[in-house]
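This report refers to the structure that appears directly beneath it.
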Amino acid sequence: MKRRSIYLLLFIFWITGAVHASTWTIQDNYIGGTILESTYDEGWVHDDGDVIALSDEVNYFNIEFMTVAISTNGNVTVEIQTDYSDGRRGTNYGDLFVSTDGWSPYGDVNSGYPDDEFGLGETWEYALNTSSSNIYSANRDNIQQSNDVMTAPTHHYRNNQEVLYNPDDDEASQGSFVFSHAGNLISYAFNLSTLFDQDWSWEDELDLGFHWTMTCANDVIQGGIHKAAVPEPATMLLLGLGIAGLGAAGRKRINRR
């Protein structure tokens, strides 16, 4: 029993001291609006309206899923699985928008929120500007929509979706992040302390929302994750000591019989 108690205490020290990560997967079940009737008429919508593209170019814009990994030290990695590449048909990488108070899209979940658009759904607290690698506290007036960027009349795209953040000249960033694109993974890496002004710990509950698309918004991935609050390391240690003490007391009672 003594050996088991030692092993238990060592395990508790390990789980409270080592850096671990939890991972969530956000599937591409979000569609979002608005799609012009002319886009349908000319055969540009595929996969039940999820991707706006010609039939032989669906993979150029398709987003499959997003993974969010958060480690106990607050490091976050957001990876977007897509075959999209910057510059495709005159489009570019969009920015990553983040909500820190949950995810609240507009419309019907069963049909992929087809009516959700800028001004109706989630209000994003932060924007990760891909071109500068700076994180900004998102000013609503500085968010550019797909129809602000895609002005050529020959383009087919999803309207009224957040695609870029255009900060004021004197707007200070909240911090920075690392952007990369390798193979079919677009990645953003940052620390949660940037979003919570250093006042954050792994024990806290988290409700985060994420939104990413290319500048045409031909496919948009959006969704939320929830991390429940966890006991503080000191609480875990006390629990372990209590369990070990109960085990030792039980062993003594057995020996007395």
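Side chains are part of it too, since the values below use all heavy atoms of this structure and drop only hydrogens, waters and symmetry mates. Numbers here are sequence positions counted from 1. Source: prediction; values computed, not measured.
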Minimum heavy-atom distance between Thr77 and Ser187, given as atom pair plus value: CG2-OG, 3.7 Å
Residue pair Tyr30 / Asp116, side-chain donor-acceptor N/O under 3.5 Å: yes
Full working for side-chain hydrogen bond (donor to acceptor under 3.5 Å, both in side chains) between Ser111 and Asp108: CA-CA 6 Å; Ser111 55; Asp108 179 23; 3.2 Å; yes
Side-chain H-bond candidate by donor/acceptor type, Ser132 with Asn129, under 3.5 Å: yes
Flag for Gln222-Asp28: side-chain donor and acceptor within less than 3.5 Å: no
With a cut-off of 3.5 Å and sequence neighbours excluded, list every side-chain donor-acceptor pair involving residues 64-71.
unit_1: Ser71; atom_1: OG; unit_2: Asn73; atom_2: OD1; d: 2.3
unit_1: Ser71; atom_1: OG; unit_2: Asn75; atom_2: N; d: 3.2
unit_1: Ser71; atom_1: OG; unit_2: Asn75; atom_2: O; d: 3.4

Option among Asn184, Asp219, Thr91 that satisfies the side-chain hydrogen bond (donor to acceptor under 3.5 Å, both in side chains) test with Tyr84: Thr91
Residue pair Glu125 / Ser137, side-chain donor-acceptor N/O under 3.5 Å: no
CA sep, side-chain torsions, deciding dist, call: Glu117, Thr34, side-chain hydrogen bond (donor to acceptor under 3.5 Å, both in side chains): CA-CA 7 Å; Glu117 58 185 50; Thr34 307; 2.7 Å; yes
Same cluster (ILVMFWY, side-chain, under 4.5 Å), Tyr106 and Trp103: no
Distance-only polar pair, side chains of Trp212 and Tyr188, donor-acceptor under 3.5 Å: yes
Residues that His156 engages under ring pair (Phe, Tyr, Trp, His ring centres under 6.0 Å), provided they are two or more places apart: Trp44
His211 side chain to Ile221 backbone, donor-acceptor under 3.5 Å: no
Residues which pass salt bridge (Lys or Arg N to Asp or Glu O under 4.0 Å) with Glu57, listed by chain and number, not counting sequence neighbours: Arg89
Any donor-acceptor N/O pair, Asp50 side chain to Asp47 backbone, under 3.5 Å: no
Cation-aromatic face contact Arg158/Phe61, 6.0 Å, 45 degrees: no
ILVMFWY network linking Tyr93 to Val163, side-chain heavy atoms under 4.5 angstrom: no
Thr194 and Asn191: side chain donor to acceptor below 3.5 Å: no
Candidate pair Gln144 and Asp95, rule side-chain hydrogen bond (donor to acceptor under 3.5 Å, both in side chains), full reasoning: CA-CA 10 Å; Gln144 290 186 294; Asp95 295 337; over 6 Å; no
Polar side chain donor-acceptor pair, Thr215 to Asn92, under 3.5 angstrom: no
Which atom of Leu192 lies closest to which atom of Leu206, heavy atoms considered: CD1-CD1, 3.7 Å
Donor-acceptor side-chain pairing of Ser99 and Glu122 below 3.5 angstrom: yes
Close aromatic pair by centroid cut-off 6.0 Å: Phe97 and Tyr165: no
